[in-house]
Amino acid sequence: MDKMLDFRTVHEATAGPRWQALFAHHWPAYEQWYLSEGERERPGYLACYNALRRHMPELLETYRALCDLAGGGDLAARFLSLYQPPPYITGCSQAVLASPESTVLARNYDYPPELCEGTILYTHWNARRVIAMTDCLWGVLDGMNDSGLAVSLAFGGRKAVGQGFGAPIILRYLLEFCDSVPEAAEVLARIPTHMAYNITVADAAGRYVTAMIAPDRRASIRRVPVATNHQKKIEWYAHALASETLIRERQLSILVDDEATTEERLIAAFSSPPLFRHDYRRGLGTVYTAVYRPVSGRAQFHWPGLTLDLGFDHFPEERITVRYGVRGLHSG
């Protein structure tokens, strides 16, 4: 049976009624997920607030504003902190192609479509304007700010779970308060994460790193332009096999290392196997392709037969429906 997902572009500089409507729409499903292991498994409000205050204090004002818009409830506030959320597993491939003229960060997001929010949110909550594909209503799966910083996350392929934040709020923090890859790398080295993630960061100056972060060891931050779903070596063999992480990494490495690879060639590769995956039954199919150009401030989202071309000066609000099925993917 086919799965459907509506993607929406939402432009709201200061959080207000539009964000509030998104919260009201998605909260019932998120509440069920947040309580899936029992409420006692989730930290109390004070622990969540103190963790944010300690590690991302600049984000507190935005956090408080969103909690108010969400109704000021205890459970919603704990959820919105993204501190110690239930574990979740994604696929994903991401790569940077950097040259003196331009930088491109491209990625495929592989996940169950029915669990994806589908909101591309344009905000100006702090000093920087941000365009991002959201998760958990204000977290970031991938995105870019108007200082020329682009970010993307992929699951790190390890079972370790510990004390820390869900990666989407760490990416939100990067886009709200960092201008460059060196600044972002400092943040990624110090903020604790609850699971293993590979976070790729690129900037308008052509710099890039991939940070392999985890709850049980220090972050490994290296000048690597490619990331899929393992960290240095395979540790979770069943997931590595199902997600084809090594095959995808090899494909991307070959492309990025080839001097003849153009931006167009790299982006095209994300539209076909092994990078584009149709495994929707197991929740490992490609939900969308995102392409960020930090120099020009352009963001593109691709589905077969359809491209959304967005930017800080051009962000039409629209809604598109994508159908994911065994025979492929259709947009309309």
**Q** Holding to salt bridge (Lys or Arg N to Asp or Glu O under 4.0 Å), I want the full list of residues that pass it with E244, two or more places apart in sequence or in another chain.
**A**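 By the salt bridge (Lys or Arg N to Asp or Glu O under 4.0 Å) rule, E244 matches R277.
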**Q** Is a donor on one side and an acceptor on the other found under 3.5 Å between the side chain of N229 and the backbone of G91?
**A**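 It does hold such a pair.
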**Q** Return each pair, listed once, that meets salt bridge (Lys or Arg N to Asp or Glu O under 4.0 Å) where at least one residue sits in residues 55-76; pairs must be two or more places apart or across chains.
**A** D74-R78
**Q** Sequence neighbours left out, what passes ring pair (Phe, Tyr, Trp, His ring centres under 6.0 Å) with Y197? Give chain and number order.
**A**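 Y197 satisfies ring pair (Phe, Tyr, Trp, His ring centres under 6.0 Å) with no other residue.
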**Q** How many angstroms lie between atom CD1 of I169 and atom CG of L59, to the nearest 0.5 angstrom?
**A** 5.5 Å
**Q** Determine, step by step, whether L52 and Y83 satisfy the side-chain contact (heavy atoms from CB on, under 4.5 Å) criterion, reporting the C-alpha distance in whole Å, the side-chain angles of both residues, the deciding distance to 0.1 Å, and the verdict.
**A** CA-CA 8 Å; L52 272 174; Y83 183 63; over 6 Å; no
**Q** State which residue, out of T14, L175, V130, fulfils the side chain to side chain contact (heavy atoms under 4.5 Å, CB included) condition with T123.
**A**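 With T123 as partner, side chain to side chain contact (heavy atoms under 4.5 Å, CB included) holds for just one option, V130.
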**Q** Do E263 and R293 meet the salt-bridge criterion of a basic N to acidic O distance under 4.0 Å?
**A** yes
**Q** Would you say Q300's side chain and L308's backbone share a donor-acceptor pair under 3.5 angstrom?
**A** no
**Q** Begin with the C-alpha distance, continue with both residues' side-chain angles, and end with the deciding distance and a verdict on side-chain contact (heavy atoms from CB on, under 4.5 Å) for T103 and Y208.
**A** CA-CA 9 Å; T103 301; Y208 58 84; over 6 Å; no
**Q** Provide the full list of side-chain hydrogen bond (donor to acceptor under 3.5 Å, both in side chains) pairs with a residue in residues 134-146, sequence neighbours left out, each pair given once.
**A**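 Qualifying pairs, neighbours excluded: R107-D142, E117-T134, R129-D146, D142-Y288, D142-Y292.
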**Q** Could you grab the distance from atom CZ of F165 to atom OG1 of T193, nearest 0.5 Å is fine?
**A**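 Rounded to the nearest 0.5 Å, the CZ-OG1 separation comes out at 10.0 Å.
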**Q** Indicate yes or no for a side-chain donor-acceptor contact from D2 to the backbone of R323 under 3.5 Å, with no hydrogens or angles considered.
**A** no
**Q** Okay, side chain of T228, backbone of T245: is any donor-acceptor separation there less than 3.5 Å?
**A**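 Yes, T228 side chain to T245 backbone: donor-acceptor pair under 3.5 Å.
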**Q** Apply side-chain hydrogen bond (donor to acceptor under 3.5 Å, both in side chains) to D257 and list each qualifying residue two or more places apart in sequence or on a separate chain.
**A** none
**Q** Side chains of L188 and I221, heavy atoms from C-beta outward: is any pair under 4.5 Å?
**A** yes
**Q** State whether the side chain of W303 and the backbone N or O of V287 hold a donor-acceptor pair below 3.5 Å, judged by distance alone.
**A** yes
**Q** Which salt bridge (Lys or Arg N to Asp or Glu O under 4.0 Å) pairs, counting each pair once, include a residue from residues 167-185, with sequence neighbours left out?
**A** R128-D179, R172-E176
**Q** Side chains of M212 and R222, heavy atoms from C-beta outward: is any pair under 4.5 Å?
**A** yes
**Q** List the steps, then state whether side chain to side chain donor-acceptor pair (under 3.5 Å) holds for H124 with E12.
**A** CA-CA 8 Å; H124 196 173; E12 189 176 51; over 6 Å; no
**Q** A29: what forms a side-chain contact (heavy atoms from CB on, under 4.5 Å) with it, not counting sequence neighbours?
**A** none
**Q** Under the side-chain contact (heavy atoms from CB on, under 4.5 Å) test, which residues partner T261, sequence neighbours left out?
**A**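 Partners of T261 under the side-chain contact (heavy atoms from CB on, under 4.5 Å) test: L97, L255, D258, R265, L266.
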**Q** Going by salt bridge (Lys or Arg N to Asp or Glu O under 4.0 Å), name the residues that satisfy it together with R282, two or more places apart in sequence or in a different chain.
**A** D279
**Q** According to side-chain hydrogen bond (donor to acceptor under 3.5 Å, both in side chains), who are the partners of T62, at least two apart in sequence or on a separate chain?
**A** N126
**Q** Whether R319 engages the ring of F7 as a cation-pi pair (distance to the six-membered ring centre under 6.0 angstrom, angle to the ring normal within 45°) should be assessed.
**A**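 That pair does not qualify as a cation-pi contact.
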**Q** Under a 3.5 Å distance rule, please check whether E114 uses its side chain to pair with a backbone N or O of M4 as donor and acceptor.
**A** no
**Q** Once you measure the plane-to-plane angle for Y280 and H278, does it fall in the parallel (<30°), tilted (30-60°) or perpendicular (>60°) bin?
**A**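 Plane angle over 60°, so perpendicular.
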**Q** Are the side chain of K159 and the backbone N or O of W236 linked by a donor-acceptor pair below 3.5 Å?
**A**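 Checked: no pair found.
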**Q** List the residues meeting side-chain contact (heavy atoms from CB on, under 4.5 Å) with E186, not counting sequence neighbours, and say none if there are none.
**A**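 By the side-chain contact (heavy atoms from CB on, under 4.5 Å) rule, E186 matches no residue at all.
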**Q** Could you tell me if the side chain of Y88 sits less than 4.5 Å from the side chain of P112, heavy atoms only?
**A**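 They are not in contact (no side-chain heavy atoms under 4.5 Å apart), so the answer is no.
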**Q** Is a donor on one side and an acceptor on the other found under 3.5 Å between the side chain of R190 and the backbone of H55?
**A**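 Indeed, once roles are kept as given, a pair shorter than 3.5 Å links the two residues.
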**Q** Flag the pair R207 / P182 as yes when at least one side-chain heavy-atom distance between them is below 4.5 Å, and no otherwise.
**A** yes
**Q** For P316, enumerate each residue passing the side-chain contact (heavy atoms from CB on, under 4.5 Å) test, keeping only those at least two apart in sequence or located in another chain.
**A** L310, H314, E318
**Q** Begin from the C-alpha positions of E31 and R42 and carry the test salt bridge (Lys or Arg N to Asp or Glu O under 4.0 Å) through to its verdict.
**A** CA-CA 12 Å; E31 182 179 25; R42 307 279 66 85; over 6 Å; no
**Q** Is there a donor-acceptor contact under 3.5 Å from the side chain of R18 to the main chain of H11?
**A** yes
**Q** Which heavy atom of H194 sits nearest to which heavy atom of G166, and what is that distance?
**A**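 Heavy atoms of H194 and G166 come nearest at CD2-CA, 3.6 Å.
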